[in-house]
Number of protein chains: 2
Amino acid sequence: MAGRGRPRSDEKRQQILNAAAELFTREGYERTSLEQVAEEAGVSKQTIYNNFPSKEALLRAGILRRCEEALIAGEDLDFTLPPQAFLPLFADRFISSLTEEKPLAMYRLVMTESKRHPEVGIAFYDSGPKPVMESLARYLAEATARRELAVEEPLMAAAQYLFSINGFTVDMALVGLSEAARPFPTSSYVDHCTRCFLRAYAVA
Amino acid sequence: MAGRGRPRSDEKRQQILNAAAELFTREGYERTSLEQVAEEAGVSKQTIYNNFPSKEALLRAGILRRCEEALIAGEDLDFTLPPQAFLPLFADRFISSLTEEKPLAMYRLVMTESKRHPEVGIAFYDSGPKPVMESLARYLAEATARRELAVEEPLMAAAQYLFSINGFTVDMALVGLSEAARPFPTSSYVDHCTRCFLRAYAVA
DNA sequence: GAATTATTAGACTAACGGGTCTAGTATAGG
DNA sequence: CCTATACTAGACCCGTTAGTCTAATAATTC
């Protein structure tokens, strides 16, 4: 089965995927030429075509790869902390992963291209929003079992908390509003959301 | 000052802006050629260049125009309704304006292009998120004055409510998740958010 | 070493598209 | 009517780029 002749270099394939993801997110798909990808990857154009049938296929593969390797959750946090301590921690972790340039750029790219490549949208969801939501939902369920909270629908409650923060942050960043131009500082807003959440789900 | 000779037709200008906004949102900026815009507008290519110095300028003008004419809020709702009735009404109105194809497409376009055209991001914010938030905040303040709610920070509370719904809805739509693939139905989620909000801000 | 496949640098093709130009026609003010 | 400007259809220019091809070299298997 092993092909005769020189084997395809997996390293080069990875270099190509990296360069593609990097440039596509930074400059946009249409504005990036394959020549640029080749140069950034330190590889010849033909090698790209040895590995991927077309630019579109490279786009797909590039995004999917980034999604796999990004897969972030919050599983390493201390799930036994009381909600007053846990939620701000979780939020902080979450926010900082959204405020950085690279995740934002990836978000932008997925938004624009997921219409033509539905799998990409799903992969993104599975690698980002979904695990984070599920992770928080698990915490909420456990805290409820410990009688520290009274959450009936952990998944929806998690979504509600995360999206209230995420929605604001991402909207502001993507629309390009500077911190100064925003109606209120992000940190106060996160505090506000957290307090409100704790009030709504406090044990009776 | 009135120029001699044939005056420029404002009608044609509008046709061009419409066609541009339509095509740019539907197909994407890079994937739309000026030939297409000219045809869709029923105008010759040169007329486009009579009205706009470049494709980029046309993009800007097209988005800005759509933002102006879109400017939606909820000012026509009955602000004297009790929160239990008002919030679902407001949410419904809000959601339906987010679920339609056209606003979503515009959102996508603004997301991608606002980096190169900051004014566009600001115009979008001023025409959509901002007035809606302010409108709801006004209601919350009034309801608090009537002792039907106890909201201390109306603007943040409004943002929190709207973004928890908006964040989820838009994320799902943009990422392309069908209603079936979502973790829970949108309508249950909106109910959930509303109930939680009312609980958190109920009068003591 | 022979056969085979990968890689490279670069030339090449073919299409596309932003932007300009031309020649003719239309529409306004003076 | 005259002049100035707008509009149209189409040709045109020119840079860019996805994708192919070539000729030479490198890395494998047998």
Side-chain angles (χ1 to χ4, degrees), chain A residues 1-63 109 112-113 115-117 120, chain B residues 1-63 109 112-113 115-117 120:
Chain A
M1 279 301 145
R4 283 195 306 279
R6 182 176 181 174
R8 237 197 286 245
S9 159
D10 195 61
E11 193 191 341
K12 290 190 187 293
R13 178 172 234 269
Q14 301 309 324
Q15 286 167 13
I16 295 169
L17 284 171
N18 273 332
E22 173 68 24
L23 289 170
F24 288 162
T25 51
R26 206 173 61 209
E27 311 286 341
Y29 174 67
E30 303 284 352
R31 271 182 278 274
T32 301
S33 74
L34 286 181
E35 310 265 6
Q36 286 172 266
V37 176
E39 188 181 359
E40 174 98 4
V43 131
S44 84
K45 203 164 136 191
Q46 183 60 44
T47 300
I48 296 182
Y49 280 99
N50 281 355
N51 284 275
F52 306 94
S54 67
K55 193 186 178 187
E56 290 281 336
L58 177 58
L59 169 66
R60 229 170 341 201
I63 297 183
L109 185 61
T112 21
E113 308 301 339
K115 195 136 208 180
R116 285 180 307 139
H117 302 278
V120 151
Chain B
M1 276 304 140
R4 283 197 305 280
R6 182 177 178 174
R8 229 180 257 172
S9 160
D10 195 61
E11 193 191 341
K12 288 189 189 294
R13 180 171 230 270
Q14 301 309 324
Q15 285 167 14
I16 295 170
L17 283 171
N18 273 332
E22 173 68 24
L23 289 170
F24 289 162
T25 50
R26 206 173 60 208
E27 311 287 339
Y29 175 67
E30 304 283 353
R31 271 183 277 274
T32 300
S33 75
L34 287 181
E35 313 263 7
Q36 287 172 268
V37 176
E39 190 181 358
E40 173 99 4
V43 132
S44 83
K45 203 165 140 190
Q46 183 59 44
T47 300
I48 297 182
Y49 279 99
N50 281 353
N51 284 274
F52 306 94
S54 68
K55 194 186 179 186
E56 290 281 335
L58 178 56
L59 169 67
R60 230 172 340 206
I63 297 182
L109 185 62
T112 23
E113 308 301 339
K115 195 138 208 179
R116 287 179 307 139
H117 302 277
V120 152

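Here is the naming used below: chain letters follow the sequence lines, and residue numbers restart at 1 for every chain.
- Using a distance-only test at 3.5 Å, with no hydrogens or angles considered, a donor-acceptor pair links the side chain of A/Q36 to the main chain of A/S33.
- To the nearest angstrom, C1' of D/dG19 lies 16 Å from CZ of A/F52.
- Map A/E35 and A/G42 each onto its nearest nucleotide of DNA chain C; the residue landing nearer the 5' end is A/G42.
- At a cut-off of 3.5 angstrom, counting only N and O atoms as typed in the model, there is a donor on one side and an acceptor on the other between the side-chain of A/K45 and the base of D/dG19.
- Residue A/K12 is classed as a sugar-phosphate contact, given heavy-atom separations below 4.0 Å to backbone atoms only.
- A donor-acceptor contact shorter than 3.5 Å is absent between the side chain of B/R116 and the backbone of B/E56.
- Side-chain atoms of B/R6 come within donor-acceptor range of the base of D/dA6, with a qualifying N/O pair under 3.5 Å.
- Distance, B/Y49 OH to D/dG10 P: 18 Å, rounded to whole Å.
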field: Step-by-step side-chain contact (heavy atoms from CB on, under 4.5 Å) determination, B/D10 to B/Q14
entry: CA-CA 6 Å; B/D10 195 61; B/Q14 301 309 324; 3.4 Å; yes
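- Residues B/S44 and A/Y29 both approach DNA chain D. Their nearest nucleotides, taken by heavy-atom distance, put B/S44 toward the 5′ side.
- The shortest distance between the side-chain N/O atoms of B/R8 and the OP1/OP2 oxygens of D/dA6 is below 4.0 Å.
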query: Does the pair B/I63 and B/F24 meet the rule for a side-chain contact (heavy atoms from CB on, under 4.5 Å), with working shown?
result: CA-CA 9 Å; B/I63 297 182; B/F24 289 162; over 6 Å; no
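- Atom CG of B/L34 is separated from atom C1' of C/dT20 by 13 Å (rounded to the nearest Å).
- Distance B/Q46 CD to C/dG24 P: 17 Å, rounded to the nearest Å.
- Rounded to whole angstrom, the span from the NZ atom of A/K55 across to the P atom of D/dT20 amounts to 15 Å.
- Nearest nucleotide to the A/S33 side chain, out of C/dG18, D/dA18, D/dT20: D/dA18.
- At C/dT8, one or more side-chain N or O atoms of A/T47 fall inside 4.0 Å of OP1 or OP2 (strictly under the cut-off).
- Looking at which nucleotide of DNA chain D each of B/G5 and B/N50 is closest to, the 5′-most match is held by B/G5.
- Summarising the geometry of A/N51 relative to A/T47, their closest heavy-atom pair is ND2-O, 2.9 Å, with the distance given to 0.1 Å.
- Nucleotide D/dT8 holds its C1' atom 12 Å from the CD1 atom of B/I16, rounded to whole Å.
- Nucleotide C/dG19 holds its C1' atom 14 Å from the CD atom of B/E56, rounded to whole Å.
- Whole-Å rounding puts the B/E39 CD to D/dT8 P distance at 13 Å.
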